[in-house]
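Remarks on the structure that follows.
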Amino acid sequence: MRPLRQAEIAGLLADDAVAYLATIDQAGYPHVTPIWFLWDGNAFRLTSLADRPHVRRIRRNSRVGVVVDRELGLRADGQRPNRQLRIIGDAELADDQHGHWTARIREKYLRSSAELIPNDDDRILITITPVRTWAVASV
């Protein structure tokens, strides 16, 4: 393992890799949810419908983890090198005013201008500011 260079971190955060959001359930166990995200330079931005289980878990316990992982393909030696960013932090919930963040996230993943969908005004913005970060490459 080696630390990622700043350019590698920036590339991973700009990539269309899915984030894995870890929340804590009522029994104290982690629960992992794949979710699209946008890095705004200071925090992860995610959106979701307000009644989703991961949003309910964040309402009970705002401590979360996020992993973004990208495999770089299969090498001739059989290894599957990857780059990954792991963070822990506290999540804040707010209304996604007029679907602003939802549209920006869709543009990142769909690579086109994203139209608002009728329920976009019902989405919750999840903002996660990292408290601790690990950024590593497997080789």
Side-chain angles (χ1 to χ4, degrees):
M1 298 283 256
R2 68 166 176 81
L4 289 182
R5 295 179 292 274
Q6 283 302 107
E8 292 174 310
I9 294 170
L12 185 57
L13 291 170
D15 194 5
D16 64 357
V18 172
Y20 294 91
L21 171 66
T23 54
I24 305 299
D25 71 14
Q26 286 181 310
Y29 290 100
H31 190 284
V32 179
T33 303
I35 191 167
W36 288 354
F37 76 96
L38 186 70
W39 173 253
D40 72 4
N42 296 307
F44 287 87
R45 304 290 184 145
L46 312 89
T47 65
S48 186
L49 294 172
D51 65 346
R52 301 296 299 154
H54 54 276
V55 174
R56 291 195 302 270
R57 288 189 293 271
I58 290 170
R59 287 188 200 288
R60 284 192 301 269
N61 185 343
S62 66
R63 291 181 175 174
V64 299
V66 174
V67 173
V68 181
D69 176 59
R70 175 61 81 188
E71 285 192 354
L72 304 174
L74 183 63
R75 292 190 328 203
D77 65 2
Q79 296 294 315
R80 298 180 69 98
N82 70 354
R83 293 182 181 144
Q84 56 183 260
L85 180 72
R86 297 179 243 159
I87 69 105
I88 56 173
D90 295 303
E92 295 179 26
L93 301 175
D95 290 331
D96 183 19
Q97 297 292 321
H98 309 292
H100 170 78
W101 286 103
T102 298
R104 289 187 61 191
I105 292 166
R106 283 192 186 127
E107 285 175 21
K108 174 186 174 186
Y109 286 89
L110 301 176
R111 300 198 193 290
S112 65
S113 180
E115 293 183 28
L116 293 178
I117 294 175
N119 69 351
D120 280 348
D121 283 337
D122 297 332
R123 295 185 73 84
I124 295 293
L125 171 63
I126 305 166
T127 301
I128 303 168
T129 304
V131 171
R132 188 157 179 210
T133 302
W134 300 265
V136 295
S138 60
V139 289

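Residues take their numbers from the sequence shown, with the count starting at 1.
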State the CG-CD distance between Leu12 and Gln84, to the nearest 0.5 angstrom. 9.0 Å
Report the distance from atom CD1 of Ile35 to atom OH of Tyr20, rounding to the nearest 0.5 Å. 12.0 Å
Connected via hydrophobic side-chain network under 4.5 Å: [X] and [Y]:
{"X": "Val64", "Y": "Val18", "value": "yes"}
{"X": "Val131", "Y": "Ile128", "value": "no"}
{"X": "Leu110", "Y": "Leu13", "value": "yes"}
{"X": "Leu46", "Y": "Ile88", "value": "no"}
{"X": "Ile87", "Y": "Ile24", "value": "no"}

Taking the side chain as every heavy atom from C-beta outward, state whether Ile58 and Leu21 have any atom pair closer than 4.5 Å.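 They are in side-chain contact.
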Compare all side-chain heavy atoms of Leu49 with those of Val55 and state whether any distance is below 4.5 angstrom. no
I'd like to check the salt bridge (charged side-chain N to carboxylate O under 4.0 Å, His left out) partners of Asp77; sequence neighbours left out, ordered by chain and number.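 Residues passing salt bridge (charged side-chain N to carboxylate O under 4.0 Å, His left out) with Asp77: Arg75.
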Can you name the residues that form a salt bridge (charged side-chain N to carboxylate O under 4.0 Å, His left out) with Arg56, not counting sequence neighbours?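 Applying salt bridge (charged side-chain N to carboxylate O under 4.0 Å, His left out) to Arg56 gives none.
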So which heavy atom on [X] is nearest to which on [Y], and how close?
{"X": "Thr23", "Y": "His54", "value": "CG2-O, 4.0 Å"}
{"X": "Ala43", "Y": "Pro130", "value": "CA-CD, 4.4 Å"}
{"X": "Pro81", "Y": "Ser138", "value": "CA-OG, 3.1 Å"}

What pairs with Asn61 under side chain to side chain donor-acceptor pair (under 3.5 Å), at least two apart in sequence or on another chain?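 Asn61: no side chain to side chain donor-acceptor pair (under 3.5 Å) contacts found.
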Would you please test Asp95 and Ile124 for side-chain contact (heavy atoms from CB on, under 4.5 Å) and show each step? CA-CA 5 Å; Asp95 290 331; Ile124 295 293; 3.9 Å; yes
Any donor and acceptor pair, going by atom type alone, linking the side chain of Lys108 with main-chain N or O of Ala103 inside 3.5 Å?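 Not a single qualifying donor-acceptor pair exists.
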Given 3.5 Å as the limit, does a donor-acceptor pair link the side chain of Asp40 with the main chain of Asn42, or not? yes
As a quick check of understanding, evaluate side-chain contact (heavy atoms from CB on, under 4.5 Å) for Val68 and Phe44, giving each step before the final call. CA-CA 11 Å; Val68 181; Phe44 287 87; 4.2 Å; yes
I'd like to know if the side chain of Thr102 pairs up with that of Asp96 as donor and acceptor (distance under 3.5 Å, no hydrogens or angles considered).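 Side chains of Thr102 and Asp96: pair found under 3.5 Å.
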May I have the step-by-step check of side-chain contact (heavy atoms from CB on, under 4.5 Å) for Arg57 and Thr33, ending in yes or no? CA-CA 11 Å; Arg57 288 189 293 271; Thr33 303; 3.7 Å; yes
Kindly determine whether Arg45 and Leu125 satisfy side-chain contact (heavy atoms from CB on, under 4.5 Å), including the steps that lead there. CA-CA 7 Å; Arg45 304 290 184 145; Leu125 171 63; 3.5 Å; yes
Classify the ring geometry of Tyr109 against Phe37: parallel below 30°, tilted from 30° to 60°, perpendicular beyond 60°.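 It falls in the perpendicular class, over 60°.
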Only one of Thr133, Asp69, Val136 forms a side chain to side chain contact (heavy atoms under 4.5 Å, CB included) with Leu85, so which one is it? Thr133
Over 12 non-hydrogen atoms of neighbours within 6.0 angstrom of CZ in Arg52: no
Check this for me, if you would: do Asp16 and Arg111 make a salt bridge, where the nitrogen-to-carboxylate-oxygen distance has to be below 4.0 angstrom?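 Judged by the 4.0 Å cut-off on N to carboxylate O distance, Asp16 and Arg111 do form a salt bridge.
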